[in-house]
Each structure stands twice: as structure tokens, then as C-alpha cells.
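In the text below, chain A, chain B and the rest are named by the order of the sequence lines, each starting its count at 1.
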Protein chains: 2
Amino acid sequence: MTTTAQPSQPAARSLRPVLAGAPRPMRGDAARNRARVLDAARAAFAEDGAEVQMEQIARRAGVGVGTLYRNFPTKQALINELAQRWMDERVEIADQALSMPDPAEAFGWFVRRTAEDMAGDAGLCHMFGEHSAGNCEMPDLLVERTEMLLARAREAGAVRADVSVSDFQAILGGLSAAIAQTEKWELFAEMLVTGLRAPCP
Amino acid sequence: MTTTAQPSQPAARSLRPVLAGAPRPMRGDAARNRARVLDAARAAFAEDGAEVQMEQIARRAGVGVGTLYRNFPTKQALINELAQRWMDERVEIADQALSMPDPAEAFGWFVRRTAEDMAGDAGLCHMFGEHSAGNCEMPDLLVERTEMLLARAREAGAVRADVSVSDFQAILGGLSAAIAQTEKWELFAEMLVTGLRAPCP
DNA sequence: GCGGAAGCGGAATTCGACTTCCACTTCAAA
DNA sequence: TTTGAAGTGGAAGTCGAATTCCGCTTCCGC
């Protein structure tokens, strides 16, 4: 995650005729505000779901709506940015899991960890299930990692053969919905790990 | 489910001084329209989720929005009515399950059947998870049946001891969310039944 | 068949969000 | 310190969807 993110609208700039010069970095206070907006948005969405109003987010961040719109041209753009960050985080977690020696253990850890993270951002995650489903595709990077994790677990007999990546995605969506209702993520994670394994005779 | 349902706004009526006379029954065509609206609404919500517009529902039912609002004072009221019907249906299904001799089998059947019904009304069910969570409480009758079903299954060793009715509710919410993404209800139901059982050693 | 209450359609209204706009303020390069 | 580009706040504008309103139509008891 880049700390010095740029505003969403790339301003073609050319101070002094330098061919394709890199855009001047954001002004210090502006960058600070952008960060505050992002934090406020995450918190607000986590608390109240997607129905929070832009003005609430702005107030929470201590800025005017204008500032908010300077950084994100649209409410959806803001949501997408948050979704993007969540995805990036998922990739990191998946990588950690992939570095574990035992595939079954790695898979279980990934599921538990995801459930735990969801519990911390319940509203937020649930919103993703709702809103971003169509808008912002799961990045290839994450699909790839998930595929690996799943494949390895499958080979190790920890996951039924008939569960595809998109099934798994759907399942995680269900998980977030369940967690949004009760925060018993440990129970749910356990159930998932057990249920994903072929039923024992 | 009463076929001759009354409009949501009870009109205090008193034709001829009959003490507490029952309200005159709906006019024939009106009752027919009410039914059509309800059907159209169910179909529309199932297809497109909660974001369908009142006018779309009205057009689908072949009536004007006015008629729609005559029967349901609010969009939420319409949603609640549908939710109510779904709940009633659940009670019936639960009763069928309770009449089965083997508790484990009964529980599994109930879960599978619910998943199947959800798949048929994906958008609708998902919407319930979203909207009705707060507005329209699960009726006591359904809570009671669910509790029975769960208790019997628990005694028979088919369900882990640490799953409460509200946990189970949350889980079904998750199930509907997952099904709304992919219609693989059989897989999901299987996973649930397996996962709800204490992990075998 | 008549009368009038009940019901109907759908244009017009209301309402509440998102988004735009611009006069004003703040930053930072020279 | 000066200067002007970048950034800011928040009132006003826009827009889409829910809801109301009312003149017209349809039923139904007499």
C-alpha cells in the first residue's frame, strides 16, 4: 500500500517543458487530509455499512465534503479504494499462509485469519459483498494466490475436490454476512474449515 | 397464509351500528390486485434485489403505483409482508422436519430444503438478510421450532453444542449471501451440515 | 339499472442523497 | 516576504426514487 497515494483524477501537468514529467507530489496538508478521509471512511463504513452519507464521512474526517470529492470523484471511487486496500491485505495474508509448510494448516490459518479480520471490519466487509461484487473485480494477484492455497489444501485432502475459487469466494462472502450478524468468527471459521473437508465416514 | 388478506391500514368501519363489526371484506377486484402485487413484488425482488423500484413492481403487476400504495403504505411494509410469508413458510418446513423420526436426518433435511428454497428466491432472501434483520423480528413461532430442531439434533450428536439459535440464524444469513453469489446450494448445504457437526477426530 | 362507496392510474410532489461550484485560505518555492 | 497555485469548506444544485393526490372508473347492494 503506497503511503503517498495520488488523487484519483490524474492531472496532466507540465511545469517547465520536461517531457512526460512526473506529476508534482501532493501538498503536505492535502496528503494528510486524504489519509484522514480514508481512515474516517473505513471506520464509518465498518460501523454503519454502505449507507453512510458522504457528509458524515467528511465530518468524521474533520473536512468539508468538497475536500472529500477532491480526492475521490465519487462515492463508489472511495469504496473501491477501500476495497482495493482490503484485497491487497488479503494477498499479503495469503502469501504468509503460502509460506507455511503444511498446506492443510496453512489453509485453516488463512480462513481463520480472514474471519478475524472480517470481525474487525464487519460492516465494511459485508459492504464489499454487496457493492463491490460487480464493480471491482478481485485482482488477478489475489485469485492466483487463492487458487494456490486451495490447490495445495485440496492435494493434502483438506478441501473437497468440488470447491472452485469462485465457490470459495462466495463462501467467504457468506462468512462475512454471518459475522456481520454475530461476531462469533471463531465458531464460523471452525465450521468452514470442517465443512470444506470432505465428510468423514 | 390467509388468502383474503386485509390492506395494511385497518380502516375503522361501522356500517350500521354493529358493535366492533368486522370490516367489510375487500372488493373482489381489489383482492385480486393485491395478490398480483404481492406476486410481482416477490418475483421482482428475487430477480433484482431490494433496489427494484416501486414503479417497476407496479408495472410488473399491471397496476399503477397508486394501487400499490393503497395496499402497502410503504416500500418497507411490502418487504415486511414478503418477509412474513417467508417466515411462515419456514415454520411449515420446520414442522415437516420435526415430524421425521431421525433428528439428525431431520436437521439435515431442513438445512438442505432451506438452501434450495433460497436458491429459488436468491435476491429475495439476501434482501431479508440486509433489510429485515432489524425491522421484522423472527416470529416466536419460528424461533421455537428452530430451537426444537436444533436441540434434537444436538442431542443426537449431529450439531456441535456451542451453536445457539441466533448463531444458526446468522449462519443461514451467511448461507443466503453465499447462494446469492453462486447457486451451488447443494454444495453449501452439505458444507453446513458437515461443519455444524463437531469435527470428527 | 342506479347510486355511490371503493378502488384505480399515473402525473406531480417531496425528500434525501450525491455532486458541483467558487470565494476564500493555506502552503511552499523563489 | 511575496505570490500564485493548490487546497478548502459548505451552501446550492441536481437527480432519482418514494410517496401523495385527485379526477375518473369499476364494482355491488338495492
**Q** Rounded to whole angstroms, how far apart are CE on B:M26 and P on D:dC28?
**A** 12 Å
**Q** Would you call A:L38 and A:R42 a side-chain contact if the rule is heavy atoms closer than 4.5 Å?
**A** no
**Q** Mind running side-chain contact (heavy atoms from CB on, under 4.5 Å) on A:R113 and A:M118 for me, showing each step along the way?
**A** CA-CA 9 Å; A:R113 174 61 192 266; A:M118 281 175 170; over 6 Å; no
**Q** From CZ of B:R60 over to C1' of C:dG9, roughly how many Å is that when rounded to an integer?
**A** 20 Å
**Q** Without decimals, in angstroms, what is the distance between B:R70 CZ and D:dC22 C1'?
**A** 12 Å
**Q** Is A:V37 close to A:F72 at the side-chain level, that is, under 4.5 Å between some pair of heavy atoms?
**A** yes
**Q** Return no unless some side-chain N or O of B:N33 is found under 4.0 Å from OP1 or OP2 of C:dC8.
**A** yes
**Q** Closest approach to the side chain of A:T74, judged atom by atom: which nucleotide of C:dT19, D:dG7, C:dC8 is it?
**A** C:dT19
**Q** Can you give me the closest heavy-atom contact between A:R154 and A:R160, atom names plus distance?
**A** CD-O, 3.9 Å
**Q** Less than 3.5 Å apart, any donor N or O on the side chain of A:N80 or A:Q76 sitting next to an acceptor on the other?
**A** yes
**Q** What's the CD-P distance between B:E55 and C:dT13, to the nearest Å?
**A** 16 Å
**Q** CG of B:L68 versus P of D:dT20: gap in Å, rounded?
**A** 12 Å
**Q** Write down the protein N/O and nucleotide N/O pairs, taken from nucleotides 23-27 of chain C, whose separation is under 3.5 Å; answer none if there are no such pairs.
**A**
from	atom 1	to	atom 2	distance (Å)
C:dT26	O2	A:R27	NH1	3.3
C:dT26	O2	A:R27	NH2	3.3
C:dC27	O4'	A:R27	NH2	3.4

**Q** Distance only, no hydrogens: is a donor on one side chain within 3.5 Å (strictly under) of an acceptor on the other, for B:T114 and B:D117?
**A** no
**Q** Go through D:dA18, D:dG7, D:dG9 for me and flag the one nearest to the A:T67 side chain.
**A** D:dG9
**Q** Between A:R34 (CZ) and D:dA6 (P), how many Å, whole number?
**A** 17 Å
**Q** Using whole Å, what does the distance between atom C1' of nucleotide C:dC18 and atom CD of A:Q76 come to?
**A** 13 Å
**Q** Which nucleotide in the list C:dT20, C:dG9, C:dC8 gets nearest to the side chain of A:Y69?
**A** C:dT20
**Q** Between D:dG10, D:dT8, D:dT20, spot the one nearest the side chain of B:V65, thanks.
**A** D:dT20
**Q** So do A:R152 and A:L98 actually touch side chain to side chain, heavy atoms under 4.5 Å?
**A** yes
**Q** In whole Å, I'd like the distance from the CE atom of A:M54 to the P atom of D:dG9.
**A** 14 Å
**Q** Look at the side chain of B:Q53 and decide which nucleotide, out of C:dT19, D:dT20, D:dA17, has an atom nearest to it.
**A** D:dA17
